[in-house]
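Residue numbers begin at 1 in each chain, while the letters A, B, ... track the order of the sequences. Everything quoted here is computed from the prediction, not taken from an experiment.
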Protein chains: 2
Amino acid sequence: MNFKLKASDKEKLDKALAKKGLRTTKQRSFVYSVILGKRDHPTADEILLRVRNSLPSISLATVYNCLESLVECALVRQVNMDRSPSRFCPNLSPHAHFKCTKSGKIVDLSLKESQIKLLKKILPKGFVSSNFDLTFNGTLR
Amino acid sequence: MNFKLKASDKEKLDKALAKKGLRTTKQRSFVYSVILGKRDHPTADEILLRVRNSLPSISLATVYNCLESLVECALVRQVNMDRSPSRFCPNLSPHAHFKCTKSGKIVDLSLKESQIKLLKKILPKGFVSSNFDLTFNGTLR
DNA sequence: GTTATAATTAGAATTATTCTAATTATTGAT
DNA sequence: ATCAATAATTAGAATAATTCTAATTATAAC
Ligand SMILES: [Mn+2]
Ligand SMILES: [Mn+2]
Ligand SMILES: [Zn+2]
Ligand SMILES: [Zn+2]
């Protein structure tokens, strides 16, 4: 319920927004703090509900606008699985996702540098990749 | 323009549909043959256009219905990238996808058994995965 | 052939997301 | 502080991919 950004997170937000010529607004701050606050990969709808605890007048359009800005600034990752609504993740280090088909839970799987190298080895000569998405589906015992 | 299934493909289709209690119809056969005919990961709209060369009266709803059946029968893979329209792929062996951000082309990257093993190693204990999606974005020189 | 069931079809409905146009907030001069 | 310019937010309309509905057509079993 208490969505206040830590000083270091606020600084990071200010800096990243400023670099793109964007302002720090309370809407962007609350959306960012909600995403940082619970690492459960919420959808825009869920983010709307959580931000409204602190900012009851925020609109869904603004949540989408804020998310676009945060993704643009590389403060947040947009995660798409199959055709379900986009989810948002504050984990900026390269990682894969695991979606439990029973509980629906989405878990980050961190990748070691060596594992990333192995993934890149999948690419034949002439294929230059800037990013990848790796998602596992299964069950979590 | 000539979408006729090879005898072996027709047999595969018949068998897979029958196993799920589904009939072989000309709509399903043409949709399947279009997907087999050009390995470019077409969308439902593109499949509609191609099938209509042979079957001018087929509807988009039927294309979606046929695709659902074919995916259900594991004759075709549904490939989702970000939030763009689903694409369909006849390559049933485990593979990754590369999407060229310049040309839009989507290429299959086959995976060796050893590479699949390495991917599975990403999963911590207790995570049991039935399938994975791996997509690279980048440019193709 | 009749009847039951399955598949197809056109068009309506749904859902996530984006767009539009109006309002409000912020900035940076005066 | 006032003003003007610009940016951000907002409600609601629009869009686009997909799914649903209800009617029609095709197929299979008797
Ligand atoms: Mn959403
Ligand atoms: Mn499509
Ligand atoms: Zn994540
Ligand atoms: Zn493929």
Q) Rounded to the nearest Å, what distance is computed from the CG atom of residue B/D14 to the P atom of nucleotide D/dT27? A) 14 Å
Q.
Mind checking if A/S57 touches a base, just sugar-phosphate, or nothing, with heavy atoms under 4.0 Å?
A. sugar-phosphate
Q) Would you say a side-chain N or O of B/Q27 is under 4.0 Å from OP1 or OP2 of D/dA26? A) no
Q: Would you mind reading off the distance between B/L17 atom CG and D/dA26 atom C1', rounded to a whole angstrom?
A: 16 Å
Q: Assess the side chains of B/Q78 and B/S86: does a donor N or O sit below 3.5 Å from an acceptor N or O?
A: yes
Q: Using five pairs at either end of the helix from C/dG1-D/dC30 to C/dT30-D/dA1, determine the angle between the two local helix axes and round it to 10 degrees.
A: 20°
Q. Should A/T62 be listed as having a side-chain N or O under 4.0 Å from OP1 or OP2 of D/dA8?
A. no
Q | d(CD1, A/I58; C1', D/dA11) in whole Å | A | 14 Å
Q) C/dT8 P sits how many Å from B/F30 CZ, rounded? A) 13 Å
Q: Give a yes/no answer on whether the side chain of B/S59 brings an N or O atom under 4.0 Å of OP1 or OP2 in C/dT9.
A: yes
Q.
Please determine whether the number of non-hydrogen atoms from other residues, nucleotides or ligands lying under 6.0 Å from atom CD of B/E68 exceeds 12.
A. no
Q) Between B/R28 and B/D14, is there a side-chain N and carboxylate O pair less than 4.0 Å apart? A) no
Q) To the nearest angstrom, how far is A/L22 atom CG from D/dT6 atom P? A) 16 Å
Q | Candidates A/H97, A/R87, A/K105 - the one meeting side chain to side chain donor-acceptor pair (under 3.5 Å) with A/H41 | A | A/H97
Q) Around atom CD of A/E11, are there more than 12 heavy atoms of other residues, nucleotides or ligands at under 6.0 Å? A) no
Q | Protein-nucleotide distance (B/L55, atom CG; C/dT8, atom P), rounded to Å | A | 10 Å
(Q) Restricting to side-chain contact (heavy atoms from CB on, under 4.5 Å), what partner residues turn up for A/P124, sequence neighbours left out? (A) A/F127, B/L109
Q) If we only count heavy atoms from C-beta on, is the B/L5 to B/L36 side-chain gap below 4.5 Å? A) yes
Q. Taking atom C1' of D/dA17 as reference, at what distance in whole Å does atom CD1 of B/I47 sit?
A. 14 Å
Q.
Looking only at the side chain of A/R83 (C-beta and beyond, no hydrogens), which of the listed nucleotides C/dT17, C/dT9, D/dA17 gets closest?
A. D/dA17
Q) If the sugar-phosphate is the primed atoms plus P, OP1 and OP2 and the base is the rest, what is the B/S/- string for nucleotides 18-27 of chain C, using protein heavy atoms under 4.0 Å? A) BB------BS
Q | Pair B/D40 + B/R50, salt bridge at N-O below 4.0 Å | A | yes
Q: Could you state the atom-to-atom distance from CG of A/L48 to P of D/dA11 in whole Å?
A: 10 Å
Q) Should the heavy atoms of other residues, nucleotides or ligands under 6.0 Å from NZ of A/K38 be counted, would the total exceed 12? A) no
